[in-house]
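Structure, as structure tokens:
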Amino acid sequence: MITVEHLTKSYGSTLAVDDLSFTIEDGHIYGFLGPNGAGKSTTLNILTGCLAASEGTVKIGDFDIFENSKEAKKLIGYLPEIPPLYVDQTPREYLDFVAEAKRVSKKERPAEIERVAKKTNIIHVLDKPIKYLSKGYRQRVGISQALLGNPQIIILDEPTVGLDPMQILEIRELIHNLGENHTVILSSHILSEVQAICDKVLIIYKGKLVAFDTPENLGKITSSGSAIEIGADVSLDETKEILSGLEGITSYENVECSDKHNLFKIHVETKDITDISKEIFKAFANKDVPLYKLNPVKTNLEDIFMELTSDSEGDNIITMEEKEIDSSITA
């Protein structure tokens, strides 16, 4: 649906986006991550036709965003980080204005406004001035304008910034629902949010793409790898001896030790955490050592993000396919 090839954007001597290439497929929710100044907002503004590129191409469906901008923009709904609202208008008035700008016919506008208002749950505030709405409802109005015209692609830049925990959960559920009928690109600094709702994650650093895969696969290809917590009434040295015959274990660490119970975390390199968990269980059983805990630890996207954006120079794109070919590749 979106094809980006060798995208570059310079501001004078500053290179904001550096030879960026990736493909967004239909039917997924994508997380778009990067530290401040990495080039995220610049890239999103180029994808939506709000900003020209210095070099490279962007295709939305079959249309080049630079050469066929009108056709390409019809396929995109965009919510910038700061929603472009006119606070003296009501949501109905504002949405009517945006629908007209998107060339929705006058006859179809009332039904279209009703449709997006129901989808974002703002029906009951359609005729209240926007300036009296909470931040959460203003965000919903912003998402509503992105949905007008029923575009295939929805791009949301920091849609939950400044919201309280309840509002964040509501917007997160809304985004999840949007993913059922749209391709969604979500830029957010709330990494737990991205991990919870996104199928795939793109991470850029210094204008380059350094990772593009599912959150699960990214956890397998970073240096921390997968992890398993083991609880047993043995020491760490005894645990190492019991598991000495197993392949794929890269390191051990103490998590908690007491007179009765010890808890260890082992890091492993494996495609299937279930298989190695079975082997660990069998190894302890063969030594007649009971386990009170054997728990695969889900990789935290925050740890992945910090690893890939702390020391990376953006020289490699990290994917599971490349990891399988060369297990030594790093970001």
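Quick caveat, the model's predicted, so the values are computed rather than measured. No hydrogens, no waters, no symmetry mates; every other heavy atom, side chains included, goes into these values.
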For Thr8, the option from Val17, Leu20, Leu15 that meets side chain to side chain contact (heavy atoms under 4.5 Å, CB included): Leu15
Same apolar cluster (I L V M F W Y, side chains within < 4.5 Å links), Ile143/Val104: no
Test item: Asp18 and Lys206 side chains (from C-beta on) under 4.5 Å apart, heavy atoms: no
Test: Arg109 and Glu112 ion pair at under 4.0 Å: no
Joint cluster assignment, Val87 & Val125, ILVMFWY side-chain distance < 4.5 Å: yes
Check against side-chain contact (heavy atoms from CB on, under 4.5 Å), Leu147 and Ile154: CA-CA 7 Å; Leu147 295 175; Ile154 306 296; 3.5 Å; yes
Interatomic spacing from CG in Leu291 to CD in Glu229 - rounded to 0.5 Å: 13.0 Å
Modelled atom types, side-chain donor and acceptor of Glu81 and Ser41, under 3.5 Å: no
Backbone of Glu55 reached by a side-chain donor or acceptor of His6 within 3.5 Å: no
Within one Ile-Leu-Val-Met-Phe-Trp-Tyr cluster: Val116 and Tyr86, side-chain cutoff 4.5 Å: yes
Donor-acceptor contact present, side-chain Lys293 to main-chain Leu263, <3.5 Å: no
Over 12 non-hydrogen atoms of neighbours within 6.0 angstrom of NZ in Lys118: no
Salt-bridge contact Lys208-Asp19 (side-chain N to carboxylate O under 4.0 Å): no
Atom NZ of Lys59: over 12 foreign heavy atoms under 6.0 Å: no
Glu238/Lys287 salt bridge by N-O under 4.0 Å criterion: no
Closest approach of Thr48 to Ile155 (non-hydrogen atoms, all atoms of both residues): CG2-CD1, 3.7 Å
Heavy-atom pair of closest approach, residues Leu47 and Ile60: O-CD1, 3.9 Å
Considering all heavy atoms, the nearest Asp233-Tyr292 contact: OD1-CE2, 4.4 Å
Sub-4.5 Å side-chain heavy-atom contact between Ile46 and Phe66: yes
Closest contact, heavy atoms only, Ala232 versus Val289: CB-CG1, 4.3 Å
Same cluster (ILVMFWY, side-chain, under 4.5 Å), Leu169 and Ile175: no
Reference residue Tyr137; test side-chain hydrogen bond (donor to acceptor under 3.5 Å, both in side chains); the match among His124, Lys128, Gln167: His124
Donor-acceptor contact present, side-chain Lys135 to main-chain Asp164, <3.5 Å: no
Side-chain donor-acceptor pair present, Asn45, Tyr78, cut-off under 3.5 Å: yes
Steps toward side-chain contact (heavy atoms from CB on, under 4.5 Å) verdict (Ile185, Ile2): CA-CA 11 Å; Ile185 300 176; Ile2 299 179; 3.8 Å; yes
Which atom of Cys198 lies closest to which atom of Leu186, heavy atoms considered: SG-CD2, 4.0 Å
Derivation of the side-chain contact (heavy atoms from CB on, under 4.5 Å) call for Leu79 and Gln145: CA-CA 8 Å; Leu79 175 68; Gln145 64 80 26; 4.2 Å; yes
Taking every non-hydrogen atom, the tightest pair across Arg92 and Ile113: O-CD1, 3.9 Å
Ile153 backbone acceptor or donor facing Thr183 side chain under 3.5 Å: no
Arg115 side chain reached by Asn150 side chain, heavy atoms, under 4.5 Å: yes
Side-chain heavy atoms of Ser144 within contact of Lys119, under 4.5 Å: no
Neighbour count >12 (heavy atoms, 6.0 Å) for atom NZ, Lys74: no
Aromatic plane relationship, Tyr94 with Phe97 - under 30° parallel, 30 to 60° tilted, over 60° perpendicular: tilted
Atom pair NZ (Lys9) and OG1 (Thr42), whose distance is rounded to the nearest 0.5 Å: 8.0 Å
4.5 Å side-chain heavy-atom contact, Glu180 and Asn177: yes
Heavy-atom check, side chain of Lys240 versus side chain of Leu236, under 4.5 Å: yes
Distance in Å, Glu247 CD paired with Ile276 CD1, rounded so as to fall on 0.5 Å steps: 9.5 Å
4.5 Å side-chain heavy-atom contact, Thr43 and Val4: no
Neighbour count >12 (heavy atoms, 6.0 Å) for atom OH, Tyr132: no
Neighbour count >12 (heavy atoms, 6.0 Å) for atom CG, Asp127: yes
Ile82/Glu158 under side-chain contact (heavy atoms from CB on, under 4.5 Å): CA gap, chis, key distance, verdict: CA-CA 8 Å; Ile82 301 176; Glu158 300 290 348; over 6 Å; no
Neighbour count >12 (heavy atoms, 6.0 Å) for atom CD, Glu71: yes
Under 3.5 Å donor-acceptor, Ser54 side chain and Ser10 backbone: yes
Donor-acceptor contact below 3.5 Å, side chain Thr239 vs main chain Ser235: yes
Pairwise distance CD(Gln89) to CG(Asp96) - rounded to 0.5 angstrom: 9.0 Å
pair Leu243-Ile230: side-chain heavy atoms closer than 4.5 Å: yes
Ring centers of His189, Phe305 separated by less than 6.0 Å: no
Hphob cluster co-occupancy, Val161 + Leu156, side-chain heavy atoms under 4.5 angstrom: no
Inter-residue atom distance Arg140.CZ - Leu133.CG, 0.5 Å rounding: 11.5 Å
Ile65 CD1 to Thr57 OG1 distance, which is reported to the nearest 0.5 Å: 11.5 Å
Gln139 side-chain N/O to Pro159 backbone N/O, donor-acceptor pair under 3.5 Å: yes
